[in-house]
Amino acid sequence: VSFELILIGVLLGGTIGTVVALKIKMTALPELVAAFHSLVGLAAVFVAFAMTAGAQAAGKTIKIGVIYDYTGPLAGGGSDLQALGAKIMIDHINSQGGVEGYMIEPIYADAQSKPEVAINEAVRLIEQEKVDMLLGFYSSAQCVPVAAKVDSLKKFMWITTCISPAVLKGRNLKYVFRPQVHGAMFGELSVDFLNSNAQSKMGIDPKKLRVAIIHEDGPYGSGVAGGNEAAAKKFGMNLVLKEGYSATAPDLSSLVTKLKRKRPDVILHTGYNPDISLFLRQSKEQGLRFKALIGHGAGYGVVDKLYDTIGNDIDHVFNVDPVSIWLLDPNSLAPGLAAVTKKVGDEYEKAKPGVTVKSAHVGMAASNAHVFFSDVLPRAIKKYGGIDAESLRKAALETDIAEGGTLLGFGVKFPGAGKSDMMGQNTRASPVVMQYVGRKVYIAWPKALQTIDPILPLPKSSPYAK
């Protein structure tokens, strides 16, 4: 901005100077000198104004506390990749000159995979670092208490990841928004997928399908499992087991033994890591057999780590998650978004050289952060005049993005005040069912987005095949 104003000042001064010079006779040198002195002063005024405006623009920032798990078990379970996606987007926005004259000043904090640390870091960022808002959050066990605390402090919180319905359901939070899919949607979609494919693919009437639901027992796992159970009952499926466990459990052999007794056709699993790897390893050792395994995000979304830990045994496992942004047809997205997707992918590869499968986690956080920076923040500044929590809240409530308008493909719309028991939840978010084959990720459901005809049941080559 300052360079442009300086250039305008020089050009304007030069133009005026030329006109004046042509009108003053050469014999009137004192008048000519005086005129040019005045013009030099005018140019100096323009330059000073430009420098002041530039300095003001440079000083305008929105200070954002960014909280993820950079250490502890949740980091490797996907939180570090979510953090990378958010950072890539923040850096991208700043490289484009910020938002409406504001540069983004991120202050990154490590929740250390502990809810109490997440709460303490949120309070520290708000009260000591004086951040304008918070962004991020991977674990629902952290989100549930943090969201209530941040809302009580009247600060704006933009959740990129944690999916438990308990974060928002029945709490009427005013300043907390989640563009992300919530857990019940995950649980419902996996069962809908089974209901639509059990007969045609496995030759089993959905009502006779033996289904087991296992999950880590925090808000995330419980929320998804609740969606699984409700949908399974709706379709009249035979629910043979529903059981939770601690994500930090050192041994899951007793759970595997229970599953062997119940003989499920399909296991619906919600977990982080290393509990997923532990479960699959002990299932193989104890000879647990099934026709299909469907995971629900988190640890199941870190494809490279699953293959590195489990090897090709992970082939043909399904995962429910928001779609990987790199699997979508660029032509299905709004103009300009395909270029942003490519930018995120390029920066991902720079940060993680040698990655063979781009994790959906990175694209998920990048997309959800992009919605805030490209839609909510500009409106708050231009229409409501600021970056305070109230301006951001009003701007978020007016977000109305159609399908194809985000990197993730789904739209964004939040319920109006008093119109939902899950205020702050994106009502247009939707996940997909993906399947892993040969270290590649394919979309198996819904049918309109399929890039693979789902492989059901597990082929005989799988050590888990029933």
Side-chain angles (χ1 to χ4, degrees), residues 67-83 110-119 136-147 159 161-167 180-184 186-187 190 212-229 241-259 267-286 288 293-306 308-310 314 317-321 359-361 364:
I67 301 180
Y68 288 100
D69 307 283
Y70 297 89
T71 58
L74 294 179
S79 189
D80 60 345
L81 293 172
Q82 291 276 348
D110 181 9
Q112 300 175 29
S113 302
K114 300 173 183 176
E116 64 274 16
V117 174
I119 297 172
F137 301 97
Y138 178 71
S139 166
S140 295
Q142 297 169 10
C143 268
V144 171
V146 171
I159 298 171
T161 316
C162 59
I163 68 170
S164 172
V167 176
Q180 168 73 308
V181 179
H182 70 73
F186 281 60
S190 56
I213 301 169
I214 60 173
H215 60 96
E216 66 86 26
D217 58 9
Y220 152 62
S222 299
V224 175
N228 287 148
E229 183 178 24
L241 179 70
K242 179 174 180 277
E243 184 154 333
Y245 64 87
S246 171
T248 58
D251 182 11
L252 294 175
S253 59
S254 61
L255 175 61
V256 174
T257 299
K258 286 183 181 180
L259 286 166
I267 297 175
L268 304 176
H269 186 195
T270 305
Y272 290 109
N273 233 334
D275 55 302
I276 292 172
S277 299
L278 176 63
F279 169 70
L280 290 173
R281 178 173 58 79
Q282 292 189 324
S283 294
K284 184 177 180 180
E285 290 170 352
Q286 294 178 236
L288 177 62
L293 170 64
I294 305 178
H296 299 84
Y300 277 103
V302 190
V303 188
D304 269 358
K305 184 167 184 177
L306 287 172
D308 290 344
T309 306
I310 307 299
I314 206 68
V317 166
F318 295 93
N319 177 43
V320 181
D321 238 340
S359 172
H361 284 305
M364 201 184 306

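- Taken from NE2 in H269 to CG in L280, the straight-line distance is 7.5 Å, to the nearest 0.5 Å.
- Listed for the Q180 side chain is no donor-acceptor partner under 3.5 Å among the backbone atoms of I163.
- Side-chain contact check for R281 versus K284: every heavy-atom pair is 4.5 Å or farther apart.
- Under a 3.5 Å cut-off, the side chain of D275 and the backbone N or O of N273 do form a donor-acceptor pair.
- If you check the side chains of D217 and S246, you find no donor sitting under 3.5 Å from an acceptor.
- L252 contributes atom CG, which lies 9.5 Å from atom CD of Q286 (distance to the nearest 0.5 angstrom).
- Without hydrogens or angle criteria, E216 side chain to G218 main chain gives a donor-acceptor distance under 3.5 Å.
- For the atom pair H182 NE2 and C162 SG, the distance stands at 13.0 Å (nearest 0.5 Å).
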Take H215 and Y220 through the side-chain contact (heavy atoms from CB on, under 4.5 Å) test and state the conclusion after the steps. CA-CA 9 Å; H215 60 96; Y220 152 62; over 6 Å; no
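- The heavy-atom pair separating L278 from D251 by the smallest distance is CD2-N, 3.9 Å.
- Between H296 and S190, the side chains place a donor N or O and an acceptor N or O closer than 3.5 Å (distance only, hydrogens not considered).
- Of all the heavy atoms in A298 and D321, the pair that sits closest is N-OD2, 4.5 Å.
- Donor-acceptor pairing under 3.5 Å is recorded for the side chains of T161 and Q82.
- Residues N228 and G187 come closest through the heavy atom pair ND2-O, 2.9 Å.
- Within the 4.5 Å cutoff, no side-chain heavy atoms of I267 are placed close to those of I294.
- Residues G77 and V302 come closest through the heavy atom pair O-CG2, 3.6 Å.
- Counting all heavy atoms, side chain and backbone alike, P73 lies closest to S113 at N-OG, 3.4 Å.
- The minimum heavy-atom distance linking T309 with S277 is given by the pair CG2-OG, 3.3 Å.
- Checking side-chain atoms of S140 against main-chain N and O of A166 turns up no donor-acceptor pair under 3.5 Å.
- Looking only at distances, a side-chain donor or acceptor of N319 sits under 3.5 Å from a matching main-chain atom of G297.
- Relative orientation of the Y138 and Y272 rings is tilted, given thresholds of 30° and 60° on the angle between their planes.
- Looking only at distances, no side-chain donor or acceptor of Q142 sits under 3.5 Å from a matching main-chain atom of A118.
- Taking CD1 of I213 as the start and CG of L268 as the end, the distance is 5.5 Å to the nearest 0.5 Å.
- You'll find the side chain of V320 stays beyond 4.5 Å of the side chain of Y300, heavy atoms only.
- Going from atom CG of D110 over to atom OG1 of T71 covers 3.5 Å, rounded to the nearest 0.5 Å.
- In this structure a side-chain-to-backbone donor-acceptor pair under 3.5 Å is missing from D80 to Y70.
- To the nearest 0.5 angstrom, S139 atom OG is 5.0 Å from L74 atom CG.
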Given the rule in the side-chain contact (heavy atoms from CB on, under 4.5 Å) test, do I159 and V167 qualify, once you have shown the distances and angles that lead to the verdict? CA-CA 10 Å; I159 298 171; V167 176; 3.8 Å; yes
